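Below: one structure, written as structure tokens.
Just so we're on the same page: letters track the sequence lines, and every chain starts at 1. Since the model is a prediction, treat every value here as computed from it, not as a measurement.
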2 protein chains.
Amino acid sequence: MPKGIPLTEEDQHRRRHEIFDAAVHLFLAKGFSETSLREIAAAAGVGKSTLYDYFPTKDDILVSMVVETITDLTDEAQEIVRRPLPAFDRLRAIMQLNLESVLANREFYLKLSFDVQRLGLESQKRIQTARHAYQDLIRQLIEEGVNEGSFRPVNSLLVARLLLAALTPTVFTSRPTGTPQEMLDEVFDMFLKGIHN
Amino acid sequence: MPKGIPLTEEDQHRRRHEIFDAAVHLFLAKGFSETSLREIAAAAGVGKSTLYDYFPTKDDILVSMVVETITDLTDEAQEIVRRPLPAFDRLRAIMQLNLESVLANREFYLKLSFDVQRLGLESQKRIQTARHAYQDLIRQLIEEGVNEGSFRPVNSLLVARLLLAALTPTVFTSRPTGTPQEMLDEVFDMFLKGIHN
DNA sequence: TTATATAGCGACCGCTGGTCGCTTGTCAAG
DNA sequence: CTTGACAAGCGACCAGCGGTCGCTATATAA
């Protein structure tokens, strides 16, 4: 409905979120590139070009979605980091949280995480920033563990990235070796003790 | 050039390879989805629909490329497996080989490995088969190590997948902690000894 | 000479993400 | 009350995509 009166900022946000939700729903159900802007517009109950009043490109909707997901996870992890527990237990708890997040966002990881990789440079940077914040949380935790003396003096950033890189492909495999929980336990055990005798 | 005489099987293969090479070249230079069939046809010096006489779809060209890459790597790894060395040394050599392959196919991993994830089910299966063969090589090596007593009794398939899953994201990161070789060494060390004190 | 089969092609199809100029509706100024 | 400016929304339109189809040209076989 065309209106002559400018939308309040709150209205704009609400509208934007309506479109966002419709898009996310479709992305998760059908995948990113299989969802057309025409479908998003129809689902959100607006015209196609109205989308462009709220998001500069289709990619941008995906970027917002990814950043939001990572940011939410980071916030929850931050809470764990603050607990008065040994680094080891907190690291364990964060990995558990991450597993649960991955499982809860199963469709996202299966259907959309790859689309993220082919976004433009600027989009990548926005996502990278969010991801680095999360990585740094874990990195810092590992450093605490090293200082506590409970971890060997490892390269904390590399280990943080390894841990995170291990989780998704471990859980979403065509040849699982157990339940996701069991696999996480094994992975964590591996990271702690290594495979060497 | 239209001809009434059927191509010999060898001619067909040669033609197919011309198209394949042109496509691979463009894929690596520009990316998969940024390369159009019209460009491939032009580069190969044939008409657009002639492509379809040699490849059923655009995706299929990518699948062939991926399978070929994995198969080549598997063959080289197979050679290492056969060496009369302790499992540990052979595992190390294979990881080194893998690193070199990843670095040699840098463009492929950076630009194309994500496109692979959104191929159709049938394409995925063809690639999976090739990848599983490679995984199983490493899995078997780890089992040998376990039997030798040099490795703890770990879940060999899970560890094989972890090793492979760790390599690419470790080497191709926006925050490297050293040269690829140094990072591989650290990763390998981590897998062997773990982070625990 | 005719019939048949092959190799190759480009016009064409439905679809995509993105753009542009038009319409509609409201407020502010004269 | 009229008019002008402007916000908001829209759908026709664009170039380009992967893929299809029916036609042409050519060579062999009968």
Side-chain angles (χ1 to χ4, degrees), chain A residues 1-20 22-24 26-27 30-65 112 115-116 118-123, chain B residues 1-20 22-24 26-27 30-65 112 115-116 118-123:
Chain A
M1 294 126 194
K3 286 189 196 160
I5 183 168
L7 294 182
T8 66
E9 200 162 317
E10 193 198 325
D11 276 339
Q12 280 191 15
H13 271 80
R14 188 145 36 81
R15 208 84 150 99
R16 190 185 144 98
H17 225 88
E18 283 170 16
I19 294 173
F20 182 73
V24 167
L26 285 168
F27 287 168
K30 312 182 33 174
F32 180 70
S33 55
E34 289 73 22
T35 302
S36 73
L37 291 178
R38 286 155 184 83
E39 289 175 293
I40 297 174
V46 299
K48 183 166 111 59
S49 50
T50 300
L51 299 181
Y52 286 87
D53 294 334
Y54 296 91
F55 292 92
T57 65
K58 184 191 181 189
D59 285 0
D60 217 75
I61 306 180
L62 182 59
V63 173
S64 298
M65 180 179 174
L112 300 180
D115 295 283
V116 167
R118 71 162 97 230
L119 297 172
L121 204 78
E122 216 48 48
S123 305
Chain B
M1 297 117 196
K3 288 189 195 158
I5 181 170
L7 294 183
T8 66
E9 200 160 318
E10 193 197 323
D11 277 338
Q12 281 190 15
H13 271 80
R14 188 146 36 81
R15 208 86 152 102
R16 191 184 143 100
H17 226 86
E18 281 169 16
I19 294 173
F20 182 74
V24 167
L26 285 168
F27 287 168
K30 312 184 28 172
F32 180 69
S33 55
E34 290 73 22
T35 301
S36 73
L37 290 177
R38 287 159 183 81
E39 289 176 292
I40 297 174
V46 300
K48 185 165 109 62
S49 50
T50 300
L51 298 182
Y52 286 86
D53 292 334
Y54 295 92
F55 292 93
T57 66
K58 184 191 181 189
D59 286 0
D60 217 75
I61 306 181
L62 182 58
V63 173
S64 298
M65 180 180 173
L112 301 179
D115 296 282
V116 167
R118 71 162 101 229
L119 296 172
L121 204 78
E122 215 49 49
S123 305

Of A/Gly45 and A/Arg38, the one whose closest DNA chain D nucleotide lies more 5': A/Gly45
Rounded to the nearest angstrom, tell me the gap between atom CD in A/Glu34 and atom P in D/dG18. 15 Å
Separation of atom CZ in B/Phe32 from atom C1' in D/dC17, rounded to whole Å: 12 Å
Among C/dC9, D/dG18, C/dT16, find the nucleotide with the atom closest to the side chain of A/Ser36. C/dT16
Can a side chain N or O of B/Arg15 be found less than 4.0 Å away from OP1 or OP2 on C/dG8? yes
When the distance from CG of B/Asp11 to P of C/dT6 is rounded to whole Å, what number comes out? 15 Å
Could you state the CD-P distance from A/Glu18 to D/dG9, rounded to the nearest angstrom? 10 Å
To the nearest 0.5 angstrom, please state how far the CZ atom of B/Arg118 sits from the CG atom of A/Leu112. 9.5 Å
Quick one: side-chain hydrogen bond (donor to acceptor under 3.5 Å, both in side chains) partners of A/Arg38, sequence neighbours excluded? none
Side chains of residues 40-57 of chain A: which donor-acceptor partners sit under 3.5 Å, not counting sequence neighbours?
from	atom 1	to	atom 2	distance (Å)
A/Thr57	OG1	A/Asp59	N	3.4
A/Thr57	OG1	A/Asp60	N	3.1

Sorted by chain and residue number, the side-chain contact (heavy atoms from CB on, under 4.5 Å) partners of A/Glu39 (sequence neighbours excluded) come out as A/Leu26, A/Lys30, A/Thr35, A/Ser36
Under a 4.0 Å heavy-atom cutoff, the residues of residues 47-57 of chain A touching DNA chain D are A/Gly47, A/Ser49, A/Thr50, A/Asp53, A/Tyr54
Picking from B/Glu18, B/His17, B/Arg16, what satisfies side-chain contact (heavy atoms from CB on, under 4.5 Å) with B/Arg14? B/Glu18
How long is the straight-line distance from NZ of B/Lys58 back to CG of B/Asp115, given to the nearest 0.5 Å? 8.0 Å
Rounded to 10°, the angle between the first-five-pair and last-five-pair axes of the helix from C/dT1-D/dA30 to C/dG30-D/dC1 is 40°
Let me know the distance between CG of B/Asp59 and P of D/dG19, rounded to the nearest Å. 6 Å
Please enumerate all residues that pass ring pair (Phe, Tyr, Trp, His ring centres under 6.0 Å) together with A/His13, with sequence neighbours excluded. none
Rounded to the nearest 0.5 Å, what separation is found between the CZ atom of B/Phe27 and the CD1 atom of B/Ile61? 5.0 Å
Could you tell me how far apart B/Ile40 (CD1) and D/dG19 (C1') are, to the nearest whole angstrom? 13 Å
Without decimals, in angstroms, what is the distance between A/Leu37 CG and D/dG11 P? 15 Å
Rounded to whole Å, the NZ-P distance (A/Lys58 to C/dC15) equals 15 Å
